[in-house]
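Notes to accompany the following structure.
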Amino acid sequence: MIDHVSIPVSDLAAAAQFYDPVLAPLGMQRVADRGRSIGFGKTYPELWLNLREGCSANTDSGHHVCLRAPSAAAVQAFYAAAINGGGRSEREPGPYPGVVTTYYCAFILDLDGNKIEVATFPRP
(Lines give C-alpha, C1' and ligand atoms only; values in the text may rest on other atoms or scores of the structure.)
Protein backbone atom coordinates (compact mmCIF):
# COMPACT_ATOMS: atom_id res chain seq x y z
CA MET A 1 0.00 0.00 0.00
CA ILE A 2 1.32 3.43 -0.91
CA ASP A 3 1.24 6.04 1.84
CA HIS A 4 2.18 9.13 -0.17
CA VAL A 5 3.83 10.26 -3.40
CA SER A 6 5.76 13.35 -4.41
CA ILE A 7 6.17 15.10 -7.73
CA PRO A 8 8.73 17.70 -8.82
CA VAL A 9 7.65 21.25 -9.62
CA SER A 10 9.62 24.19 -11.00
CA ASP A 11 7.61 26.91 -9.21
CA LEU A 12 6.22 25.80 -5.85
CA ALA A 13 3.88 28.77 -5.37
CA ALA A 14 2.37 28.43 -8.87
CA ALA A 15 2.01 24.65 -8.49
CA ALA A 16 0.30 24.98 -5.11
CA GLN A 17 -2.07 27.60 -6.51
CA PHE A 18 -2.84 25.24 -9.43
CA TYR A 19 -3.47 22.25 -7.15
CA ASP A 20 -5.66 24.04 -4.56
CA PRO A 21 -8.83 23.95 -6.76
CA VAL A 22 -7.77 20.82 -8.68
CA LEU A 23 -7.56 18.60 -5.59
CA ALA A 24 -10.57 20.10 -3.77
CA PRO A 25 -13.10 17.81 -5.59
CA LEU A 26 -11.14 14.85 -4.17
CA GLY A 27 -11.47 16.19 -0.62
CA MET A 28 -7.79 17.16 -0.48
CA GLN A 29 -6.34 20.44 0.74
CA ARG A 30 -2.97 21.82 1.86
CA VAL A 31 -2.06 20.14 5.13
CA ALA A 32 1.70 20.77 5.32
CA ASP A 33 4.18 23.41 4.20
CA ARG A 34 7.89 22.79 4.67
CA GLY A 35 9.20 25.73 2.67
CA ARG A 36 10.40 23.73 -0.35
CA SER A 37 7.58 21.18 -0.20
CA ILE A 38 3.81 21.45 0.17
CA GLY A 39 1.68 18.45 1.12
CA PHE A 40 -1.94 17.92 0.12
CA GLY A 41 -4.28 15.38 1.66
CA LYS A 42 -7.46 14.75 3.58
CA THR A 43 -5.91 14.50 7.06
CA TYR A 44 -2.19 14.01 6.32
CA PRO A 45 0.06 14.66 3.28
CA GLU A 46 -0.74 12.14 0.55
CA LEU A 47 0.60 14.15 -2.40
CA TRP A 48 3.73 16.28 -2.00
CA LEU A 49 4.84 19.02 -4.38
CA ASN A 50 8.63 19.33 -4.15
CA LEU A 51 10.52 22.32 -5.53
CA ARG A 52 13.19 21.14 -7.97
CA GLU A 53 15.35 23.76 -9.65
CA GLY A 54 16.03 22.86 -13.24
CA CYS A 55 12.68 21.12 -13.62
CA SER A 56 11.42 21.93 -17.12
CA ALA A 57 7.93 23.38 -17.03
CA ASN A 58 5.32 22.28 -19.59
CA THR A 59 7.16 19.19 -20.81
CA ASP A 60 6.19 15.57 -20.27
CA SER A 61 8.18 14.69 -17.12
CA GLY A 62 7.33 11.00 -17.32
CA HIS A 63 5.77 11.09 -13.84
CA HIS A 64 2.33 9.51 -13.57
CA VAL A 65 0.21 9.47 -10.43
CA CYS A 66 -3.36 8.20 -10.16
CA LEU A 67 -5.55 9.56 -7.37
CA ARG A 68 -8.86 8.01 -6.32
CA ALA A 69 -11.99 10.10 -6.74
CA PRO A 70 -15.24 9.49 -4.84
CA SER A 71 -17.42 9.83 -7.97
CA ALA A 72 -17.57 10.55 -11.68
CA ALA A 73 -18.69 14.09 -10.79
CA ALA A 74 -15.48 14.56 -8.80
CA VAL A 75 -13.43 13.34 -11.79
CA GLN A 76 -15.21 15.89 -13.99
CA ALA A 77 -14.67 18.70 -11.45
CA PHE A 78 -10.96 17.79 -11.10
CA TYR A 79 -10.55 17.86 -14.88
CA ALA A 80 -12.39 21.17 -15.31
CA ALA A 81 -10.35 22.85 -12.56
CA ALA A 82 -7.10 21.55 -14.05
CA ILE A 83 -7.90 22.78 -17.56
CA ASN A 84 -9.17 26.15 -16.24
CA GLY A 85 -5.95 26.48 -14.21
CA GLY A 86 -3.62 26.01 -17.17
CA GLY A 87 -3.20 22.23 -17.17
CA ARG A 88 -3.33 20.29 -20.43
CA SER A 89 -5.69 17.49 -21.30
CA GLU A 90 -4.31 14.01 -21.82
CA ARG A 91 -7.71 12.30 -21.71
CA GLU A 92 -11.13 13.82 -21.11
CA PRO A 93 -13.34 12.31 -18.39
CA GLY A 94 -15.02 9.09 -19.40
CA PRO A 95 -15.03 5.30 -19.09
CA TYR A 96 -11.69 3.57 -19.60
CA PRO A 97 -11.10 -0.17 -20.10
CA GLY A 98 -8.71 -1.12 -17.29
CA VAL A 99 -6.86 -4.38 -16.76
CA VAL A 100 -9.47 -5.80 -14.38
CA THR A 101 -12.54 -3.65 -14.93
CA THR A 102 -13.75 -0.57 -16.76
CA TYR A 103 -13.40 2.56 -14.65
CA TYR A 104 -14.15 6.28 -15.01
CA CYS A 105 -11.14 8.58 -15.21
CA ALA A 106 -9.43 11.63 -16.66
CA PHE A 107 -5.76 12.44 -17.29
CA ILE A 108 -4.15 15.89 -17.23
CA LEU A 109 -0.63 17.26 -17.46
CA ASP A 110 0.05 19.80 -14.73
CA LEU A 111 2.10 22.98 -15.16
CA ASP A 112 5.33 20.93 -15.01
CA GLY A 113 4.23 18.08 -17.27
CA ASN A 114 3.43 15.63 -14.46
CA LYS A 115 0.65 13.30 -15.63
CA ILE A 116 -2.09 13.18 -13.02
CA GLU A 117 -4.90 10.69 -13.43
CA VAL A 118 -8.04 10.69 -11.33
CA ALA A 119 -10.19 7.57 -11.27
CA THR A 120 -13.32 6.20 -9.70
CA PHE A 121 -14.74 2.70 -9.95
CA PRO A 122 -18.51 3.02 -10.31
CA ARG A 123 -20.59 0.05 -9.28
CA PRO A 124 -23.28 -1.19 -11.66
Side-chain angles (χ1 to χ4, degrees):
M1 184 59 83
I2 296 172
D3 181 74
H4 64 274
V5 296
S6 62
I7 57 174
V9 298
S10 60
D11 182 331
L12 188 59
Q17 185 175 3
F18 172 80
Y19 277 102
D20 281 331
V22 169
L23 296 176
L26 309 181
M28 298 173 77
Q29 62 185 353
R30 291 188 208 194
V31 294
D33 186 338
R34 293 188 175 167
R36 295 178 55 84
S37 297
I38 294 176
F40 286 83
K42 295 175 186 92
T43 58
Y44 68 93
E46 300 171 62
L47 176 68
W48 286 96
L49 309 178
N50 293 323
L51 179 61
R52 297 287 186 257
E53 285 85 5
C55 187
S56 297
N58 284 320
T59 61
D60 185 348
S61 71
H63 294 93
H64 173 202
V65 175
C66 181
L67 304 171
R68 186 68 64 97
S71 65
V75 171
Q76 294 164 359
F78 161 89
Y79 180 84
I83 300 307
N84 289 337
R88 293 178 289 148
S89 176
E90 279 288 292
R91 185 178 193 291
E92 293 183 5
Y96 189 78
V99 174
V100 177
T101 186
T102 297
Y103 61 100
Y104 193 89
C105 67
F107 293 82
I108 60 101
L109 291 177
D110 73 4
L111 304 178
D112 289 289
N114 296 300
K115 184 183 287 186
I116 309 299
E117 175 184 7
V118 172
T120 189
F121 296 81
R123 298 178 195 254

* Heavy atoms only: give me the nearest Pro70-Ala74 pair and the separation to one decimal. => CD-CB, 3.7 Å

* Can you name the salt bridge (charged side-chain N to carboxylate O under 4.0 Å, His left out) partners of Asp33, sequence neighbours left out? -> none

* Measure the shortest side-chain to side-chain distance between Thr43 and Val31 over non-hydrogen atoms and say whether it is less than 4.5 angstrom. => no

* Structure fact -> Shortest non-hydrogen pair, Pro95 vs Thr102, comes out as CB-CG2, 4.0 Å

* Structure fact -> Those residues at least two apart in sequence (or on a different chain) that pass salt bridge (charged side-chain N to carboxylate O under 4.0 Å, His left out) with Arg52 are none

* **Gap between atom CD1 of Ile7 and atom CH2 of Trp48 - 0.5 Å precision** => 13.0 Å

* To do: Working to the nearest 0.5 Å, report the span between CG of Leu67 and OG1 of Thr120.
  => 12.5 Å

* Set of side-chain contact (heavy atoms from CB on, under 4.5 Å) partners for Pro93, sequence neighbours left out -> Val75, Gln76, Tyr79, Tyr104, Ala106

* **Spatial distance of atom CD (Glu92) from atom CD1 (Ile108) [nearest 0.5 Å]** => 13.5 Å

* Report yes or no: do Val118 and Val100 belong to one cluster of Ile/Leu/Val/Met/Phe/Trp/Tyr joined by side chain heavy-atom distances under 4.5 Å? => no

* **Qualifying residue, where the test is side-chain contact (heavy atoms from CB on, under 4.5 Å) with His63 and the options are Ile116, Asn114, Asp112** => Asn114

* Structure fact -> In terms of heavy-atom contacts, Ala16 and Ile38 come closest through CB-CD1, 3.6 Å

* **Joint hydrophobic cluster, Phe107 plus Ile83, side-chain heavy atoms closer than 4.5 Å** => no

* Asked: Tyr103 and Gly98: which non-hydrogen atoms are nearest, and at how many Å?
  -> CE2-CA, 3.7 Å

* **Phe18: ring pair (Phe, Tyr, Trp, His ring centres under 6.0 Å) partners, not counting sequence neighbours** => none

* Any salt bridge (Lys or Arg N to Asp or Glu O under 4.0 Å) pairs touching residues 15-25, not counting sequence neighbours? -> Asp20-Arg30

* Asked: About how many Å separate CD of Glu90 and CZ of Arg88, when rounded to the nearest 0.5 Å?
  -> 7.0 Å

* Structure fact -> One should read off an interatomic distance between Ser37 OG and Leu51 CG, to the nearest 0.5 angstrom, of 8.0 Å

* Counterpart residues, salt bridge (charged side-chain N to carboxylate O under 4.0 Å, His left out), relative to Arg91 (two or more places apart) -> none

* Rounded to the nearest 0.5 Å, what's the gap from CD on Gln17 to CG on Asp11? Could you check? => 9.5 Å

* To do: Go through the steps for Tyr44 and His4 under the test ring-ring contact (aromatic ring centres under 6.0 Å, His included), then give the verdict.
  => CA-CA 9 Å; Tyr44 68 93; His4 64 274; 8.1 Å; no

* To do: Report yes if the side chains of Met28 and Tyr19 come closer than 4.5 Å at any heavy-atom pair, otherwise no.
  => no

* Asked: Is it true that atom OH of Tyr96 has more than 12 heavy atoms of other residues, nucleotides or ligands lying nearer than 6.0 Å?
  -> no

* To do: Specify the closest pair of heavy atoms between Val9 and Ala15, including all atoms of both residues, with the distance to one decimal.
  => CG1-CB, 3.7 Å

